Every structure is written in structure tokens, then in C-alpha cells.
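As a basis for the values below, the full set of heavy atoms in this structure was taken, side chains included, without hydrogen atoms, waters or symmetry mates. Treat the numbers as computed from the prediction; the structure is a model and nothing was measured. Naming: A, B, ... by sequence-line order, numbering from 1 per chain.
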2 protein chains.
Amino acid sequence: MTPDSQEPRWLTAEQRLAWLDMVRVLTRLPATLGAQLERDAGLTFFEYHVLSMLSEIPGHALRLSRLAQLTSSSLSRLSNVVKRLEARDLLRREPDPADGRASRAVLTAAGMAAVEQAAPGHVTLVRELVVDPLDAVQLDQLHAAHERILDRLDPASSTRPEWLET
Amino acid sequence: MTPDSQEPRWLTAEQRLAWLDMVRVLTRLPATLGAQLERDAGLTFFEYHVLSMLSEIPGHALRLSRLAQLTSSSLSRLSNVVKRLEARDLLRREPDPADGRASRAVLTAAGMAAVEQAAPGHVTLVRELVVDPLDAVQLDQLHAAHERILDRLDPASSTRPEWLET
DNA sequence: TCCAAATAGTTCAAGTTTGAACTTTCTGTC
DNA sequence: GACAGAAAGTTCAAACTTGAACTATTTGGA
């Protein structure tokens with residue numbers, strides 16, 4: 001194995017500008033979406049994401065470990081959030097009959113209603129901030145870039161929901 | 001003023017896939033970069049970002065409110081972080097002579113050393129995850145998309161550091 | 001000049017996230 | 001079938017973030 005060179009390859013001026021703008025998006029976009037959801041629906045961005053995943057899956061139920069992959073969260077984080085959401089009656093946990101270690105999170109009717117109530121405002125803001133300012137080609141290019149980045153971030157691609165068809 | 005239509009314009013299947021992949025990037029990328037910085041340099045991503053902004057500015061000093069804009073953070077969050085960084089001697093606060101309400105954060109020698117120690121590993125990971133998997137054209141397209149998104153997120157563009165030339 | 005409103009920053013309590021340690025159940029191998 | 005190790009969740013304390021309330025200055029009119 002050759003040793004790493006002492007100096008890394010620094011970013012060029014252009015790369016650095018691109019990266020700084022990406023950091024701004026990475027920071028502000030979740031904050032802005034989260035603030036809207038919190039205000040209008042009393043949900044954090046992450047809570048919404050959890051409920052929304054469940055609402056879209058056939059059966060509205062998923063193992064916590066799978067849900068953690070799909071939402072890119074640690075099991076610990078998810079466990080805490082699921083406990084809170086269960087206390088609010090938005091979902092419930094039930095043991096997985098197929099595996100004694102596992103639990104499944106199941107969306108309740110109230111949880112479904114919460115997603116349905118929150119979704120329009122959320123989607124409108126996603127459109128306003130991300131989808132509408134880009135034309136179809138640009139959105140495609142953005143998606144392609146994200147796919148490449150995800151290949152590095154998550155080589156197993158285990159976070160891509162298998163029920164979504166391209 | 002025409003009323004909003006009751007139903008929002010939902011996302012098309014393609015838009016939805018693009019958005020879901022963007023959410024994955026938004027979630028995982030900061031977490032991954034943060035974990036590396038924490039492990040190797042004892043800094044959160046945000047702390048690194050603050051110190052790194054200071055390290056790049058002429059004079060290594062900035063008003064807190066300007067630093068908050070540049071790092072896309074609330075003044076409250078910044079104030080907390082600056083207090084911690086000051087306790088670790090990585091920067092210090094001094095009153096702004098020009099305005100009795102304001103303080104300036106000034107990078108210390110130890111703070112500069114911390115940035116210099118953390119930067120190589122951080123830059124290497126940014127390259128690995130974002131810059132290198134894209135070719136120059138794709139990175140440009142990504143940057144262009146981010147610029148449009150930032151126009152919506154931050155219409156005043158006040159977060160773009162004026163000392164950076166394109 | 002004076003005062004209302006705006007700006008800069010701090011603080012505090014409440015809520016969230018993290019990572020490590022732990023329990024329970026499952027799996028593969030001998 | 002027994003056991004080591006992996007996998008699924010949970011929990012706890014420490015750390016971090018948030019928003020609201022607060023103090024202290026400054027600014028822009030009347």
C-alpha cells in the first residue's frame with residue numbers, strides 16, 4: 001500500500017465555491033422545511049419523513065431497522081422518535097411475528113391523517129424551493145449528481161426503497 | 001389575490017425520486033462529514049465551518065451577526081458555539097469598537113492550528129464523496145442548481161461571502 | 001432632542017440527537 | 001444441540017439546537 005501523500009489535493013477555486021454553496025443548501029434547506037412543518041403540522045422534518053415513508057408503503061408498516069435505513073437515521077434516533085410518535089398515537093409498534101428481535105412500526109389512522117394534513121404545505125414548499133426553480137433537465141442533472149454522491153455515501157444502496165419504480 | 005387551490009401540485013414520479021434522493025444526501029452527507037471531523041479533530045461540522053470561515057477571512061475576525069449569516073445559522077446557535085469555542089481557546093470574542101452592541105469573533109493561533117489540522121482529512125472526504133465522483137461539467141451543473149435553490153432560500157444572498165471572487 | 005423601533009447578542013428551558021452499553025433473539029458452525 | 005457472534009431494539013447521559021424572552025445599544029424620524 002502506498003502511503004497517503006502528506007498534503008491532500010486541495011479544492012480549486014471553482015470547486016470550493018461549488019462546495020460552499022452546497023453547504024449552504026445542506027444547512028438551510030432542512031431548516032426551512034423543518035420550520036414550516038413544525039409551524040403548520042407540529043412535526044419535525046424527520047418525523048414527517050418517517051410518517052410519510054410509512055404512508056407510502058403497502059400495508060403502512062415497516063420494521064424499525066428497515067425504516068432506519070430508508071430514513072438514513074440511526075436506530076437509536078429512530079427508536080426515540082418512534083416512541084414519541086407512538087405516545088402521540090400517530091403510529092404503534094407491534095412485535096414482528098417473523099423475528100422475535102424485531103418490531104414493526106404501523107401507521108395509525110391518526111398518523112395517516114397527520115401526513116395528509118401536512119403534505120400539501122410541505123410539497124408546495126419543496127416545489128417552491130427546489131423543483132420549480134429548476135427546469136426538467138436541471139432537475140435531472142441534480143438527481144444524477146445525487147445518485148453519484150449516494151453511491152459513495154451508501155455503496156450498498158440499501159436506503160433506496162425497493163417499492164419505488166424508476 | 002386569487003386563493004390557493006385546495007390541492008397542491010403534487011410531484012411527478014420523477015420529481016419525487018429526485019427529491020427523495022436529495023433528502024438522502026441532505027441527511028447523510030452532513031452526518032458523514034460530521035462524524036469524520038468529530039473523530040479526527042474533535043469538532044462538529046458546524047464548529048469546523050465557523051473556524052474555517054474565520055481562517056479564510058482577512059484579519060481572521062468577524063462580527064457574530066455576519067458570521068451567523070455566512071454559516072447559515074441563527075445568532076442563538078452561533079452564540080452558544082462561540083462560547084464553547086472560546087472556552088477551548090480556539091477563538092476569542094472582543095467588543096466591536098464601531099458598534100457597542102456588536103462583538104467580533106477572532107481566531108486564535110490555537111484555532112488556526114485546529115483548522116489546519118482538521119482541513120486535510122475533511123477536504124479529502126469532501127473530494128471522495130462529492131467532488132471526485134462528478135466530472136467538471138456535472139459539478140458545474142450541481143453548482144448552478146444550488147445557486148437557483150439558494151435564490152429561493154435566501155433571496156438577499158447575504159450569505160455569500162463578499163471576499164470570495166468567482 | 002427624544003423616543004419608538006430595530007439590531008446585536010445572551011440566556012434559559014425544553015426538546016432532540018448521539019454514541020456507548022445493554023438485553024434479547026437469531027444464525028451458522030462445530 | 002450448544003455456543004459464539006451478529007442483529008434488533010432500547011436506554012441513558014452528555015451534548016447540541018431551538019425559540020422565546022431579555023438586555024443593551026443604535027438609528028431614524030417627529
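- In this structure, CZ of R63(A) is placed 13 Å from P of dT10(D), rounded to the nearest angstrom.
- When rounded to the nearest whole Å, the span between CZ of R104(B) and C1' of dT10(C) equals 19 Å.
- For S74(A), no side-chain nitrogen or oxygen approaches OP1 or OP2 of dG19(C) to under 4.0 Å.
- Taking atom CG of L37(B) as the reference point, atom C1' of dC16(D) lies 16 Å away to the nearest angstrom.
- Nearest to the side chain of S76(A), among dC26(C), dT11(D), dA8(C), sits dT11(D).
- The CZ atom of F45(B) sits 17 Å away from the C1' atom of dT18(C) (whole-angstrom rounding).
- Grouping the Ile, Leu, Val, Met, Phe, Trp and Tyr side chains by contacts below 4.5 angstrom, directly or via other members, places L75(B) with L54(B).
- Nearest-nucleotide mapping onto DNA chain D: of G100(B) and E38(A), the residue sitting toward the 5' end is E38(A).
- The existence of a salt bridge linking R24(A) and E147(B) is excluded, since no basic side-chain nitrogen approaches an acidic carboxylate oxygen closer than 4.0 Å.
- Heavy-atom distances to DNA chain D give each of V82(A) and R101(A) a nearest nucleotide, and the one nearer the 5′ end belongs to R101(A).
- Remark: C1' of dG9(D) and CZ of R77(A) are 17 Å apart, rounded to the nearest angstrom.
- Comparing dT18(D), dG9(C), dT17(C) by their closest approach to the side chain of L75(B) singles out dG9(C).
- Between R39(A) atom CZ and dA20(D) atom P there is a gap of 11 Å when expressed in whole angstrom units.
- Closest to the side chain of S103(A), from the set dT18(D), dG9(C), dG9(D), is dG9(D).
- Among dT17(C), dT11(C), dG9(D), the nucleotide with an atom closest to any side-chain atom of N80(B) is dT11(C).
- Atom CD in Q36(B) sits roughly 17 Å away from atom C1' in dT18(C) (whole-Å rounding).
- Here the side chain of R93(A) is nearest to one of dT10(D), dT18(C), dT11(D), namely dT10(D).
- With hydrogens and angles left out, the side-chain atoms of R28(A) and S72(B) include a donor and acceptor closer than 3.5 Å.
- Salt bridge D96(A)/R104(A): absent, no basic N to carboxylate O contact under 4.0 Å.
- As a whole-Å value, the separation of L78(B) CG from dC16(D) P is 14 Å.
- Of the candidate nucleotides dC16(D), dT10(C), dT25(C), dT25(C) has the atom nearest to the side chain of D99(A).
- Side-chain nitrogen and oxygen atoms of K83(B) include none within less than 4.0 Å of the OP1 or OP2 phosphate oxygen of dG9(C).
- Considering only side-chain N and O atoms, R84(B) lies under 4.0 angstrom from the phosphate OP1 or OP2 of dT17(D).
- No side-chain donor from either of Q36(A) and R39(A) sits under 3.5 Å from a side-chain acceptor of the other.
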